[in-house]
Amino acid sequence: MNTPTPKGWSRAQMAELAAHDIPDGSCVNLGIGIPELITQFVPEGRELIYHTENGLLGMGPAPQPGEEDPELINAGKKPVTTVPGASFFHHADSFTMIRGGHIDVCVLGALQVAQNGDLANWSTGEEGAIPAVGGAMDLVAGVKTIYVITTHCTKSGDPKLVENCTYPLTGAGVVSRIYTDLAVIDITPVGFRVHRLAPGVTFEEIAAKTGAALLPALAA
Amino acid sequence: MDKRLETLSQAVAGINDGATVMVGGFGEAGSPIELIHALIDSGARDLTVINNNTGNGEIGLAALIGNGQVRKMICSYPRSSHSRVFPELYRAGKIELELVPQGTLAERIRAGGAGIPAFYTPTTVGTPLAQGKEVREFDGRKYVMEPWLKADFALIKCEIADYAGNLTYNKTARNFGPIMCIAATTTIVQAKKIVSPGEIDPECVITPGLFVDRIVQVAEPLQESVLIAQGVSYP
């Protein structure tokens with residue numbers, strides 16, 4: 001019996017791919033989940049400045065156990081630290097940074113991304129669910145570049161990359177690039193275009209798992 | 001002018017039924033638990049409360065909501081892994097919710113304090129939260145009009161106050177404090193430490209004293225996460 005060759009990218013590899021695309025010196029806001037892994041994969045010699053919307057620029061890693069400060073937390077309400085040069089500010093200033101276009105890159109998770117860059121990541125519109133949006137709509141409206149990291153399909157196998165989002169939008173036409181477990185895909189004026197396929201993944205296979213037209217990578 | 005009061009109950013005196021109350025804090029950082037508990041003791045009802053969240057466990061803001069004193073919440077993220085109080089009341093139709101994106105919430109509060117009745121923001125354009133709101137185009141991009149938010153009272157936790165009302169905060173506990181102080185008719189502050197005017201370097205004042213009306217000292221404030229771990233509920 002042959003051992004199947006592992007296909008696609010792990011969560012860490014998706015984060016690593018995104019980390020390599022963020023320019024040196026960028027101010028970055030990372031969503032909860034896989035995007036948080038990006039901090040572990042910043043290439044040697046590159047420095048990113050992390051913003052957390054509850055009021056800290058220059059966020060450092062999680063503290064050592066026992067060193068947590070309940071008044072030093074991130075937007076996910078987890079204890080963090082500061083790096084030299086960090087600053088604290090109130091919420092209106094924090095969202096001035098976001099809405100005013102002063103943050104360079106934001107990396108978020110997604111429920112659905114449409115071929116025109118529409119993003120849905122805050123609500124499945126389910127009956128009885130408590131609607132909660134936090135800062136996601138401000139981030140996608142204001143940050144210069146929005147990247148999405150997500151599995152290519154849902155747990156039940158439905159495509160997350162679609163013609164039109166069926167879930168309520170977080171923002172319209174905001175996403176520029178998507179990192180999935182199967183490919184890196186760009187949003188272009190003519191729709192989804194493969195930037196790079198994961199090892200062992202064919203274009204035909206990924207096109208079948210995408211809920212909208214998919215263009216092959218441009219020849220290098 | 002000396003704005004100090006002796007007790008928490010004096011500090012929250014006059015918060016009437018039906019009042020709109022801004023409550024500082026993001027999660028547990030900056031949550032003025034002692035002032036909220038004094039408000040629970042006061043029995044004021046039918047309140048509209050503005051906070052980013054809806055409280056944790058069964059203490060602080062969650063306890064105020066759980067005690068049936070809040071008619072309406074204005075917030076951005078009314079979910080918490082540590083509290084069922086708000087979701088249960090909301091599903092039962094016993095509390096209203098106005099969901100506002102976090103940055104819009106902050107800017108509406110700031111505008112309220114700054115005397116700006118409305119502003120245009122790109123946030124929510126093309127989403128369900130923009131429905132029914134005025135949209136205008138500036139330089140080829142669409143923006144949604146949002147009105148200011150003001151309150152009758154603000155409950156704020158700070159680190160150091162001088163007794164004239166100048167405030168400093170601690171790390172990310174600052175969050176909504178400075179903007180809520182400016183947007184409320186009566187701003188009530190609990191401070192870990194109260195000093196004499198002049199002891200805070202004017203260059204380091206975060207909230208100037210004219211925005212603050214009442215100060216009460218809470219030298220060793222309770223910490224939400226500790227109370228939740230201990231299973232404490234209030235009252």
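In the text below, chain A, chain B and the rest are named by the order of the sequence lines, each starting its count at 1.
Taking CE from A/Met137 and OG1 from B/Thr121, the interatomic distance works out to 11.5 Å, rounded to the nearest 0.5 Å.
The backbone N or O of A/Ile73 sits less than 3.5 Å from a side-chain atom of B/Thr172, completing a donor-acceptor pair. The backbone N or O of B/Thr123 lies less than 3.5 Å from no partner atom in the side chain of A/Arg99, so there is not a single donor-acceptor pair. Checking side-chain atoms of B/Arg174 against main-chain N and O of A/Gly55 turns up no donor-acceptor pair under 3.5 Å.
Counting heavy atoms of neighbouring residues, nucleotides and ligands inside a 6.0 Å radius, atom CZ of B/Arg141 exceeds 12 of them. For CD1 of A/Ile32, the number of neighbouring non-hydrogen atoms (other residues, nucleotides, ligands) closer than 6.0 Å is 12 at most.
Among B/Gln223, B/Arg79, B/Lys171, the residue with the largest count of heavy-atom pairs under 4.5 Å with chain A is B/Lys171. For the set A/Ile98, A/Leu56, A/Val140, A/Asp69, the count of heavy-atom pairs under 4.5 angstrom toward chain B peaks at A/Asp69.
For a residue to count as touching a neighbouring chain, one of its non-hydrogen atoms must lie under 4.5 Å from one of that chain's; by this rule A/Thr170 touches chain B with the backbone only. For B/Val100, the part lying under 4.5 angstrom from a heavy atom of chain A is the backbone only. Only the side chain of B/Phe86 has a heavy atom closer than 4.5 Å to any heavy atom of chain A.
Between B/Phe26 and A/His91, the two ring planes are tilted [angle within 30° to 60°].
In this structure, B/Gln102 and A/Phe95 have side chains that are in contact, with non-hydrogen atoms separated by less than 4.5 Å. Put simply, the side chain of A/Trp122 reaches to within 4.5 Å of the side chain of B/Leu99, judged on heavy atoms.
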(message) Pair A/Lys77, B/Glu224 - check salt bridge (Lys or Arg N to Asp or Glu O under 4.0 Å), show working.
(response) CA-CA 12 Å; A/Lys77 306 190 175 80; B/Glu224 261 185 21; over 6 Å; no
